[in-house]
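Only heavy atoms go into these numbers, but all of them, side chains included; no hydrogens, no water, no symmetry mates.
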Amino acid sequence: ISCTKTRQFYGREGYPFRSLAARRKGGDMIQDNDTLQGLIDVVQGFVKERLIPNEELVEETDEIPGDIIDEMRQMGLFGLALPEEYGGLGLTQEEEVLVSLELSKTSPSFRSVIGTNNGIGSQGIVIDGTKEQKEYYLPKLAAGEIIGAFCLTEPSSGSDAGSLQTTAVPDGDDYILNGTKRFVTNAPQAGIFTVMARTDLETKGARGVSAFIVEADLKGITLGKKDIKMGQKGAHTCDVIFENCRIPKKNLIGGKEGMGFKTAMKVLDKGRLVIGATCVGISERMVADALRYGMEREQFGKPVAQFQLVQSMLADSQAEILAAKSMILEVSRKKDLGEDVTLEASCCKLFASEMCGRVADRCVQIHGGGGYIRDYAIERFYRDVRLFRLYEGTSQIQQLVIAREMIRRAEA
C-alpha cells in the first residue's frame, strides 16, 4: 500500500484494531477515535490501491482474487462487527456503518465477501446463540476461516418468510432437515449456514420456525448451479438443497424451538442499516466519477459540468446522498443505545436503495453515450446497484414494515 497513513497500520503483525474495545472511553458512543480513524484510513487505502484496480478483473472472471481475500483476513475485515471476545473488532453499529461507507466505494462484490460473516451469516449466533455456539463458531467466522451464509428465502417463499416449507423434524439427538433455499449469498464458499426451518408442522406462520447452524460439509447437502445475475459478478449465489440432512440438536440456535423468525428479524434490522451504508458509499463513488467526467468532457467549447442541467443532476445526487448518510448514522446511534429501530432501519434501507438507483441513472446520463459502454465503471455500477432495492427486503416490503410499525407504535 502506498498511502502513508495506511502503511502505518497495514502490514503490522497483529493489527491494533483488534484492541478497539479495550480503548473505549468511559461513556463515549464511539470507541477510540484515533484507532477508528486509523481503521478507516486503512480501508480507504485498501480500496484505492487494491480493490478499484481489480474491479474489471472481477467483472471478467466472476471471482475475487484469492490474495485479496487473504488480505481481508489479515486486516480483520471478516470480524468487523463480531465481538472482540471471539476475535472480532467489536465495532458498534455506527462504526461499522462508517467503515462500510468506505469499503463500498468500489464493486459491491468485494464487500459481499465479508458481508455475510459480519451480518446475516453470523448475527443470529451473536444475538441468540448459546455460549457454546458462540465460542465454537464466532472465532472461526471472525478470522475468516469459514464463511457464513443465511438461508431464509425459498422457491415458494421470500418476503413471506412465515410461509417457508423447509422442515426440521426431531429424531433422537438430531433433527432431519429437508427443503430448498434460494438466492443464498456466498453459498458456494460457505462453511456454515444459518437455516430457518419449520419445527412445528402444525403451527402456521412464523411461530413454528426455528433457526439452526448447519455445517456445509454434512451429508445430505447439495448446491445448485451458480446463479447468473444481472450484476455483482464475483458475489455468488445459488440454491442450497437439504435432503434428509442430520444436524445435531445442539445446533438449534439458542437451544429453543420457535424463535427462528424473531432471530431473523433482529438480524435483518442490522443488515438493512449496513445495506443502506453500502448504497451511500457506492453512490459517492458514482458521483465522484461523474463529476470528474463532467469536468473533463467538453461540449460547445466548455466542460459539460458547466451546464446547468448537468449541475442539477449533480446537486440532486449530492443532496440525496447527504440525506441518506445522515439518516443511517442517526439510526445507527439509536441502535447502539439499545432502542427499537425496526421502523427506522426500514426507512434507511428504503430511502438509501431508491436513492442509489436514482443516482446511478443520473450518472449514466452525465456520461452520455459513454455511460452505456464498458469503458466506464458507471455501466457496471448501474447494473450492480439494481439489486439493493430487492434483497434483504424489497422496497415494497420496507414500505409495509414501516407502515406496520407506525400503526403498532400508535396503538401502544
Side-chain angles (χ1 to χ4, degrees), residues 1-20 34-84 86-91 95-119 121-122 138-149 185-192 232-236 274 277-278 281-282 284-285 377 380-381 384:
I1 304 295
S2 61
C3 171
T4 302
K5 284 187 177 181
T6 302
R7 212 167 40 229
Q8 294 172 359
F9 291 89
Y10 188 84
R12 279 190 188 177
E13 184 178 351
Y15 282 86
F17 315 123
R18 295 198 180 279
S19 61
L20 271 173
D34 291 339
T35 306
L36 175 62
Q37 187 57 52
L39 174 57
I40 291 173
D41 289 344
V42 167
V43 172
Q44 287 175 335
F46 185 59
V47 168
K48 180 180 178 181
E49 303 292 340
R50 295 289 287 134
L51 302 189
I52 291 176
N54 280 284
E55 288 173 350
E56 275 302 310
L57 177 64
V58 172
E59 180 72 12
E60 294 291 342
T61 64
D62 194 25
E63 296 288 344
I64 308 294
D67 58 337
I68 287 180
I69 295 175
D70 287 341
E71 289 179 58
M72 289 179 169
R73 290 192 182 100
Q74 295 167 21
M75 295 169 68
L77 297 184
F78 279 92
L80 283 173
L82 299 182
E84 191 185 25
Y86 301 112
L89 300 190
L91 298 188
E95 291 166 337
E96 184 184 2
V97 159
L98 290 169
V99 173
S100 295
L101 286 170
E102 299 304 326
L103 192 59
S104 301
K105 294 178 181 178
T106 180
S107 168
S109 301
F110 291 115
R111 190 207 64 84
S112 186
V113 174
I114 66 164
T116 50
N117 273 35
N118 287 292
S122 69
L138 293 183
K140 293 178 171 62
L141 288 163
E145 293 177 18
I146 58 174
I147 288 178
T185 300
N186 285 341
Q189 295 81 32
I192 63 170
Q232 300 209 15
K233 295 291 182 65
H236 302 142
V274 175
T278 300
I282 200 168
E284 290 181 334
R285 164 69 186 280
R380 182 183 69 249
F381 285 137
D384 287 344

Can you confirm whether [X] sits close enough to [Y] that some side-chain heavy atom of one is under 4.5 Å from a side-chain heavy atom of the other?
X	Y	value
L141	I146	yes
L98	L91	no
L57	E60	no
E56	R380	yes
V43	V47	yes
R285	I52	yes

Heavy-atom closest contact ([X] atom, [Y] atom, distance):
X	Y	result
D384	S107	OD2-OG, 4.5 Å
N117	I147	OD1-CA, 3.2 Å
N118	F78	OD1-O, 3.5 Å
F46	L77	CE2-CD1, 4.3 Å
E96	V274	OE2-CG2, 3.6 Å
L103	R111	CD2-CG, 4.0 Å

When you look at F381 and E55, which way does the side-chain contact (heavy atoms from CB on, under 4.5 Å) test go after all the steps? CA-CA 11 Å; F381 285 137; E55 288 173 350; 4.1 Å; yes
Go through D67 and R50 one step at a time and tell me if the side-chain contact (heavy atoms from CB on, under 4.5 Å) criterion holds. CA-CA 10 Å; D67 58 337; R50 295 289 287 134; 3.0 Å; yes
Please report the interatomic distance [atom1]([X]) to [atom2]([Y]), rounded to the nearest 0.5 Å.
X	Y	atom1	atom2	answer
L89	T35	CG	OG1	11.0 Å
I69	Q189	CD1	CD	7.0 Å
D41	L36	CG	CG	9.5 Å
R73	I114	CZ	CD1	12.0 Å
E95	L80	CD	CG	10.5 Å

Modelled atom types, side-chain donor and acceptor of D70 and Q74, under 3.5 Å: no
If we ignore hydrogens and angles and just use 3.5 Å, is the side chain of N186 paired with the main-chain N or O of G148 as donor and acceptor? no
Is there a donor-acceptor pair under 3.5 Å between the side chain of D62 and the backbone N or O of K233? no
